[in-house]
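Numbers restart at 1 for each chain; the letters A, B, ... are given by sequence-line order, proteins then strands.
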Amino acid sequence: MKKLINHVDNIVDEMLDGMTAAHPNRLRRLEGTTVLVRKDAPVTGKVGIVSGGGSGHEPAHAGYVGPGMLDGAVAGEVFTSPTPDQVFEAIKAVNGGKGVLLVIKNYTGDVMNFEMAAELAEAEGIQVRQVVVNDDVAVEDSSFTSGRRGIAGTVLVHKIAGAKAAEGAALDDVHAVAESVIKNVKSMGMSLSPCTVPAAGKPGFTLGEKEMEIGTGIHGEPGVERTDIKPAAETAEILFHKVFQEMNMQAGDEAAVIINGLGSTPLMELYVFHHAIDRLLKDKDIRVEEAVVGEWMTSLEMAGVSFTMLKLDDTLKKLLDAPSDTVSWKRG
Amino acid sequence: MKKLINHVDNIVDEMLDGMTAAHPNRLRRLEGTTVLVRKDAPVTGKVGIVSGGGSGHEPAHAGYVGPGMLDGAVAGEVFTSPTPDQVFEAIKAVNGGKGVLLVIKNYTGDVMNFEMAAELAEAEGIQVRQVVVNDDVAVEDSSFTSGRRGIAGTVLVHKIAGAKAAEGAALDDVHAVAESVIKNVKSMGMSLSPCTVPAAGKPGFTLGEKEMEIGTGIHGEPGVERTDIKPAAETAEILFHKVFQEMNMQAGDEAAVIINGLGSTPLMELYVFHHAIDRLLKDKDIRVEEAVVGEWMTSLEMAGVSFTMLKLDDTLKKLLDAPSDTVSWKRG
Amino acid sequence: MITTGTAKSWMENFKELILENKDELTTLDQAIGDGDHGINMARGVQEMDKMLQEKTFETPGALLKAAAMVFISKIGGASGPLYGSALMKIAAEAGDKAELTDQDLLACLDAGKKAVQQRGRAETGEKTMYDVWDPVVSTFRGEETIDWEALKTTAQQAVKSTVDMHAKKGRAAYLGARSVGHTDPGAFSSRLFFEALADAAQKEN
Amino acid sequence: MITTGTAKSWMENFKELILENKDELTTLDQAIGDGDHGINMARGVQEMDKMLQEKTFETPGALLKAAAMVFISKIGGASGPLYGSALMKIAAEAGDKAELTDQDLLACLDAGKKAVQQRGRAETGEKTMYDVWDPVVSTFRGEETIDWEALKTTAQQAVKSTVDMHAKKGRAAYLGARSVGHTDPGAFSSRLFFEALADAAQKEN
Ligand SMILES: Nc1ncnc2c1ncn2[C@@H]1O[C@H](COP(=O)(O)OP(=O)(O)O)[C@@H](O)[C@H]1O
Ligand SMILES: Nc1ncnc2c1ncn2[C@@H]1O[C@H](COP(=O)(O)OP(=O)(O)O)[C@@H](O)[C@H]1O
Ligand SMILES: [Mg+2]
Ligand SMILES: [Mg+2]
Ligand SMILES: [Mg+2]
Ligand SMILES: [Mg+2]
């Protein structure tokens, strides 16, 4: 394991302090916690939005804290959901009197810990609502299981719910628009190499020199199948078709698209990949104003990419284009 | 070699088309070339700025094409300077009547190819000036050699010269401010793993499981020394002190700082690294308003980081903070 | 008979067993999860141990409640809320009794089992820690005294039974049929939880 | 005596030799550069070969000028402008002569050498391709006829002489003293350039 770190036990702590040191006018760390909030939190008269999860997915989520997106981000240990007390601190710090929306990625740990935090907050009279993002179509949906994972599509929930909250909307309305994003966003990923959780010291899985894994999750959870390495264009087709078939889209529809690098895949390759996606979009006559290509929700140093598509309507599009001013997502 | 590509010969071509497909309102590819220009180039009455170099350093340079930064970026093959005819096409396409500044990184190949392009442009009556960025202090400066390499500090030249050009300044003034950035910017990098040029198919160098290389260039050119892996804090100290000792800075001075990931180093580690840099800055009482942490000039999938510092005066600071609206660098 | 001392040994034994098996737990979680179960549990038991060094308790319930709080606030992931909620309910059921009979203890463990089920929305056969909690508690519930060796064996067999299961909850569920053939890491750590209790109780008697 | 046909064979031989030695050139450049010299040169000679298939030329000068243009516009890196400029000056010196005597040819090569020196601001002993161009041209300049075997030997020895040099120009210069002990890749490809010429000339005669 070769990492630019000091002690494995201090990574999250030093990362959080490194972030506030780099962005002192934007971010503030709640003392004694792993929570970063907007410098000016709480914003009175605005619904607060809190997201978070295990660390190792940077810039998710603190990179999205700021005007027009999140009010607070809670960091767990690497790939480990943060604990209820930390989430509770975030809720208290961003509550501007209009209640708080929790944006949770659908992992058992995240759901349980955020749920317990919501219980604590409600016991103190803070209005809390939750949404659970489950955009990853790699895993079959089933009412018998805990369902699909939340991956890069989550960033679009932050953006759009954040824009709605910035308008001064009520908690129920912010919640509703977040649910509408979740209903319309689907993603799927693949990987060429695994990643190593620092404290584990060894890769989470192994892939042969000529193998790739289709449907990998952002913690290296396995996906649909392991195959021989395929060209980027063919890989794009597999991800695109799987995502597309789960969406209710017609020719002429408009979509937002994220090409998300999982960690060590160069931007060069992400654009090569998008070149193939662009053709598939044109084939289906799906309009995309500007694709979002880069690293938005990573998996440490994993090599791979995920493809996210959100079907837009006028409301979602307006909110997506609304201004935001965070470290990693600036618009308008 | 595991890469998300199609054929090695088509990577640059597909990447460029992927970029214009992703950002059709921002970027335009000059037909039959490897040049991307601002959608609205040439901008009449504004000095045009062209940069470029080998591919594999994305987002450099096309990610910096747009209002407030570059007018055109010329892409060579991976790690190979573009040819004079391509650079010449870029010059012609961005010349808005006030002349064109070429921002060249100090590599023999880049210098020679851009120089030949400038000769072609001047023969056609286009006013051209050049600056050569040589911020990498890893290599000793010497009048007997071709001197120091240009690395991530180049992005600050784009930003500041771009802002000056956006003000409507004359070519000589844009040239002068670019020279002033170059005089005041220093950088140094290190790596934990090599990268593989796609067409070569094998890593450019090898590092043992416990080794790191200090002073690596962005093409994997070796640096000052190879040592056992050191903690992030110690690594930060080595890079910081080497950079600092080459600068003429005093307590109370203000600086801009870039923490630049070379490809596969997670943002998490970059912030851990910055956490250490921040202390060193405070020790020396150097003021930094906001550090720029991320991937700005990469080296394919190399693991490592470079540290860049620019001493600011009022002029440079104002231009650095001026608005820019490019794919990878948005301000204001 | 569980005294405050037994409860303390239980938790200390759990710490020892988790630390001894940390790498094994990580390896199991790498196979069908995200590879942090050993790390998560180790962090939790070490923090708990620190707490136990610093504080003293009057009753088993008080001690176990404090342990629950540490687990909830230090483990995270799926296992933090599950062990935390379980211990919280165990402590609540223990109330302020100074000593717990085996029957009291079985009522406590039953409350813990229900907490795992509720918090995790887990059912039998879904390849989770519930597949250890459920058989262990169900087998001994109603007995007057606990046969600790039998309890250990039950726990061990329960862990083995998870190998053939097709995961329906937790990260292993993403693997679908590929989860078959692997031991569930949370089931393994739950076995250690019951073994730690058995060792403490046996030493007491 | 160099005819248009000889010039064509020269360039075709160069293509063959570069493609045969592509991996070797890449390996040499990986050791002290950025590993693309073989790739760059291969791209250049293949494009040149395509051009030679399509066009016909009246004089050696016209052919070499066209080759120069391909090298300038297709190779990039350091080697593109260097080989491109050298061939451009060689072609200029050849003018529109239909045939070049050995003396003419030596004047051409001298012009090429000077182009390398100027474009690269290179001096002797700096561990670049100039360390092949310079001795090869200097050794035979002034002679009436070229001893092709001797020229090849000179080129080979010149390549070897770069091993002990401490690089001052090009990427290898970043290595400082660590560049010692390696062959310069551009010197190696320059040897192939002269070998290609020798083979073409020898076949002609
Ligand atoms: N819904 C659930 N109900 C009961 N137990 C669960 C559930 N989800 C996960 N688990 C248990 O948690 C264990 C994984 O814990 P851990 O690795 O610490 O958390 P995470 O899965 O968040 O990384 C699994 O092996 C399983 O026994
Ligand atoms: N300034 C120079 N003068 C002469 N030759 C040079 C100079 N710089 C580099 N070279 C030659 O170019 C070769 C490298 O070419 P190549 O690898 O294609 O380009 P790059 O260095 O841009 O990657 C070196 O081995 C050396 O022989
Ligand atoms: Mg986990
Ligand atoms: Mg090169
Ligand atoms: Mg786990
Ligand atoms: Mg090279």
Side-chain angles (χ1 to χ4, degrees), chain A residues 2-7 10-12 14-19 21-26 55-56 58-59 63 78 192-193 207 209-210 212 229 231-233 235 259 263-276 278 289-295 298 300-301 303-305 327-328 330, chain B residues 2-7 10-12 14-19 21-26 55-56 58-59 63 78 192-193 207 209-210 212 229 231-233 235 259 263-276 278 289-295 298 300-301 303-305 327-328 330:
Chain A
K2 298 181 93 172
K3 292 185 188 280
L4 188 65
I5 57 174
N6 296 301
H7 194 283
N10 303 334
I11 296 177
V12 174
E14 293 177 12
M15 168 185 79
L16 294 172
D17 279 347
M19 288 198 81
H23 316 292
N25 302 322
R26 299 172 177 282
S55 293
E58 293 65 31
V78 176
L192 287 171
S193 78
L207 273 173
E209 207 19 68
K210 292 190 183 315
M212 63 192 259
I229 283 194
T235 308
I259 309 297
S264 64
T265 294
L267 198 48
M268 163 178 264
E269 296 177 29
L270 298 182
Y271 279 115
V272 166
F273 180 83
H274 180 65
H275 177 247
D278 182 59
E289 202 173 279
E290 172 157 26
V292 176
V293 182
E295 293 183 351
T298 59
L300 295 169
E301 74 286 355
V305 66
V327 173
S328 300
K330 295 196 206 334
Chain B
K2 298 180 94 172
K3 292 185 188 281
L4 188 65
I5 57 175
N6 295 300
H7 194 283
N10 304 333
I11 295 178
V12 174
E14 293 177 11
M15 169 185 77
L16 294 172
D17 280 346
M19 288 198 80
H23 316 292
N25 303 321
R26 301 172 177 281
S55 294
E58 293 67 30
V78 177
L192 286 171
S193 78
L207 273 174
E209 204 25 61
K210 293 190 182 318
M212 64 191 256
I229 283 193
T235 308
I259 309 298
S264 65
T265 293
L267 197 48
M268 163 178 264
E269 296 175 29
L270 298 182
Y271 279 115
V272 166
F273 180 84
H274 180 64
H275 177 247
D278 181 60
E289 202 174 277
E290 173 157 26
V292 176
V293 183
E295 293 183 352
T298 58
L300 295 171
E301 74 286 356
V305 66
V327 173
S328 299
K330 294 196 205 333

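Of the residues considered (B:Glu290, B:Glu289, B:Lys210, B:Lys330), B:Glu290 shows the highest number of contacts with chain A, using heavy-atom pairs under 4.5 Å. Among B:Ala233, B:Gly56, B:Ala276, B:Ser193, the residue with the largest count of heavy-atom pairs under 4.5 Å with chain A is B:Ala233. Residue with the most contacts toward chain B among A:His7, A:His275, A:Arg26, A:Lys3: A:His275 (heavy-atom pairs, distance under 4.5 Å). With chain B as partner, the option from A:Val293, A:Thr298, A:Thr265, A:Ile11 having the largest number of non-hydrogen pairs under 4.5 angstrom is A:Ile11. Counting heavy-atom pairs under 4.5 Å between each of B:Glu58, B:Glu269, B:Met212 and chain A puts B:Glu269 at the top.
Heavy atoms of B:Ile259 lying under 4.5 Å from chain A are absent altogether. Heavy atoms closer than 4.5 Å to chain A are found in both the backbone and the side chain of B:Asp17. Contact annotation for B:Ser55: both backbone and side-chain heavy atoms come within less than 4.5 Å of a heavy atom of chain A. Residue B:Ala303 does not touch chain A at all, counting heavy-atom pairs closer than 4.5 Å. Both the backbone and the side chain of A:Leu207 come within contact range of chain B, with heavy atoms under 4.5 Å apart. The contact between B:Glu295 and chain A is made entirely by side chain atoms (from C-beta outward), counting heavy-atom distances below 4.5 Å. Only the side chain of B:Val78 comes within contact range of chain A, judged by heavy atoms closer than 4.5 Å.
Nearest heavy atoms, A:Ala291 versus B:His23: O-CE1, 3.6 Å. Pairing each heavy atom of B:Leu300 with each of A:Pro266, the nearest pair is C-CG, 3.8 Å.
Note that the CE atom of A:Met19 and the CE atom of B:Met268 stand 10.5 Å from one another [nearest 0.5 Å]. To the nearest 0.5 Å, atoms CG (A:Leu267) and CD (B:Glu301) are separated by 13.5 Å. To the nearest 0.5 Å, atoms CE (B:Met15) and CG (A:Leu270) are separated by 11.5 Å.
At distances below 3.5 Å, at least one donor-acceptor pair connects side-chain atoms of B:Lys2 with backbone N or O atoms of A:Leu192.
Screening B:Leu4, B:Asn6, B:Ile5 for a side-chain contact (heavy atoms from CB on, under 4.5 Å) with A:Phe273, the sole residue that qualifies is B:Leu4.
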